[in-house]
Protein chains: 2
Amino acid sequence: MTPANTARAQKTRKRTRIQNANEAKILDAGLEVFSTFGLRGATVDQIAAIAGMTKPNLLYYFRRKDDIYLAVLQRILDTWLQPLEAMRADGDPAAEIAAYIDRKLEMSRDNPKASRLFAIEIMQGAPVLAGVLTGRLKQLVDAKAAVIRRWIAAGKLAPVDPYHLIFMIWATTQHYADFEVQIRAMLGDRFDRPDHFETAKRTLEQVFLAGLKAR
Amino acid sequence: MTPANTARAQKTRKRTRIQNANEAKILDAGLEVFSTFGLRGATVDQIAAIAGMTKPNLLYYFRRKDDIYLAVLQRILDTWLQPLEAMRADGDPAAEIAAYIDRKLEMSRDNPKASRLFAIEIMQGAPVLAGVLTGRLKQLVDAKAAVIRRWIAAGKLAPVDPYHLIFMIWATTQHYADFEVQIRAMLGDRFDRPDHFETAKRTLEQVFLAGLKAR
DNA sequence: AGATTTCCTGACCAATTGGTCAAGAGAAAG
DNA sequence: CTTTCTCTTGACCAATTGGTCAGGAAATCT
């Protein structure tokens, strides 16, 4: 993302401090609102209110609602892909998978809004991210699926379909962010106890690692 | 749901054929739209268009948008809870869990819109279903968690946290409905092959059953 | 058949929404 | 200190949205 693509499309002038501060506020507010209501359900007024500025002022930095949405998605895209990218072919399979689960779970805990934003975007048919899904993400998943397949061929992992295994890990880890309200309702008091996250981690690792152990 | 709570709150008059037909059309259209855009993102005009009637005509049957949303949710609530309810304490643990996975997976395949509607409702903070979550659903989950705990105590299942196990099953099975666009993008051509569903089922059962085998 | 009730529609309305604009206030550069 | 640029705002606008209403068209009942 070049610096020149926001704020009145100024011709690569120096970015001011105010600009940086306000754009950051807007992106934070945008994440907050879009991750709850999606692109269509969110209103510019609401984002402006949360960002603590008037609507025309917000629109001075991002001319259309879609621009905010896009910028929010772009800002968190790398973070989103990072855990899978970090899975190394030359590591120990069980350890790598455990580490991947941990990282994704931590992302769910530390950045649940980002997780929900991607979830809503994809559930709405990925109007903006469609290209990323079939492009960058697919390439990444294909590469990691190949890694898993090699681990299986080397007898270090039970033979499972690598794509569906990746889906399982995505699903189980993101679930804690996307369905937080439900988890909270099910766990009651236990949800706020600090060990709740550790219990989730232990359960996931246990089932996945035992389930994937080569026989 | 009593018959008298729609269509102009008529005093328990007989429901006409037209009424049944049109309300069904509206609920179908409502599911279609709400499952994609959520309560706020959906518009009455759009629902009316998909239902094949004018907006005032639709509003003759459901006076407000929220009424449609509520009715759609209520109509599919039982279906949604059914798979978990069907898990029997006196069956073989492995077989019961496998059957639960199968049923949920089939629901994802046969009724993905219902799955996405619940997902969006919960991600938006469950404004309508909050009561169901903390009431009926929690009771059901508590009961089934107790069943799983007894299976573990009897040495028939590896010791895992039953709540997180249920979350895992929910997450992995619903994932195929909620993130269908992403799955499709990752699997490419393979997605439309008829065995795709069987591969998913086999992978899930394999990981869960091996992961839960008592040691 | 006529009477009654249900169903449907075009016209309408107020509120909200995304977005514009002219002009003033504030920073910053000279 | 003045000029230039950035930032902010109130007023405004057209389109969309949720919802109403009076009256006509169809069913249904007797």
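Both backbone and side-chain heavy atoms feed into the values below; hydrogens, waters and symmetry mates do not. Below, chains carry the letters A, B, ... as their sequence lines are ordered, and counting in each starts from 1.
If you check every strand for non-hydrogen atoms under 4.0 Å, Arg17(A) touches sugar and phosphate atoms only.
In this structure, Arg88(A) forms no cation-pi arrangement with Tyr100(A), as its terminal cationic atom is not both closer than 6.0 Å to the ring centre and no more than 45° off the ring axis.
With hydrogens and angles ignored, a donor-acceptor pair under 3.5 angstrom links the side chain of Lys55(A) to the base of dG18(C).
Taking side-chain N and O atoms only, Tyr60(B) has no distance below 4.0 Å to OP1 or OP2 of dC8(C). Taking side-chain N and O atoms only, Thr16(B) has no distance below 4.0 Å to OP1 or OP2 of dA27(D). The phosphate of dC7(D) (OP1 or OP2) has no side-chain N or O of Arg15(A) nearer than 4.0 angstrom. OP1 or OP2 of dC7(D) sits under 4.0 Å from a side-chain N or O of Gln19(A). Phosphate contact (OP1/OP2 of dT6(C), side-chain N/O of Asn22(B), threshold under 4.0 Å): absent. Side-chain nitrogen and oxygen atoms of Arg64(B) include at least one within less than 4.0 Å of the OP1 or OP2 phosphate oxygen of dT20(D).
The side chain of Ile18(B) lies closest to dC7(C) when the candidates are dC7(C), dG19(D), dT8(D). When each of dC21(C), dG18(D), dC7(D) is scored by its nearest atom to the side-chain atoms of Lys65(B), the top-ranked nucleotide is dG18(D). Taking the side chain of Thr54(B) as heavy atoms from C-beta on, and the options dG10(D), dT6(C), dT9(C), the nearest nucleotide is dT9(C). Comparing dC8(C), dT9(C), dT8(D) against the side chain of Tyr61(B) picks out dC8(C) as the nearest. Nearest nucleotide to the side chain of Thr43(B), out of dC7(D), dT20(C), dG18(D): dG18(D). Closest contact between the side chain of Leu59(B) and the listed nucleotides dG19(D), dC7(D), dC7(C) involves dG19(D). Taking the side chain of Asp45(B) as heavy atoms from C-beta on, and the options dT28(D), dC21(C), dT17(D), the nearest nucleotide is dT17(D).
A salt bridge links Asp28(A) and Arg75(A); the closest N-O separation between the charged side-chain nitrogens and carboxylate oxygens is under 4.0 Å. Using a 4.0 Å cut-off between charged side-chain N and carboxylate O, Lys65(B) and Asp45(B) make no salt bridge.
The residue among Ala42(B) and Asn57(A) whose nearest nucleotide of DNA chain D lies closer to the 5′ end is Asn57(A).
Look at CZ on Phe62(B): it is 19 Å from C1' on dT20(D), rounded to the nearest Å. The nearest whole Å value for the distance from the CZ atom in Arg63(A) to the C1' atom in dC21(C) is 11 Å. Across the protein-nucleic acid pair, Lys25(A) atom NZ and dC7(D) atom P stand 12 Å apart, rounded to whole Å. Separating the CD1 atom of Ile47(A) from the P atom of dT16(C) is a distance of 18 Å, rounded to the nearest angstrom. We find that CG of Leu58(A) is positioned 16 Å from C1' of dG10(D), with the value rounded to whole Å. The distance between atom CZ of Phe37(B) and atom P of dT16(D), rounded to the nearest whole Å, is 15 Å. What separates CG of Leu39(A) from P of dT17(C) is a distance of 14 Å, to the nearest Å. Atom CZ of Phe34(A) is separated from atom C1' of dG18(C) by 12 Å (rounded to the nearest Å).
Ring geometry for Phe167(A) against His164(A) counts as perpendicular: the plane angle is over 60°, on a 0 to 90° scale with 30° as the lower cut.
Distance alone, capped at 3.5 Å, is enough to place a donor-acceptor pair between the Lys144(A) side chain and the Met87(A) backbone.
Of all heavy-atom pairs between Phe37(B) and Ala42(B), the closest is CB-N, 3.7 Å.
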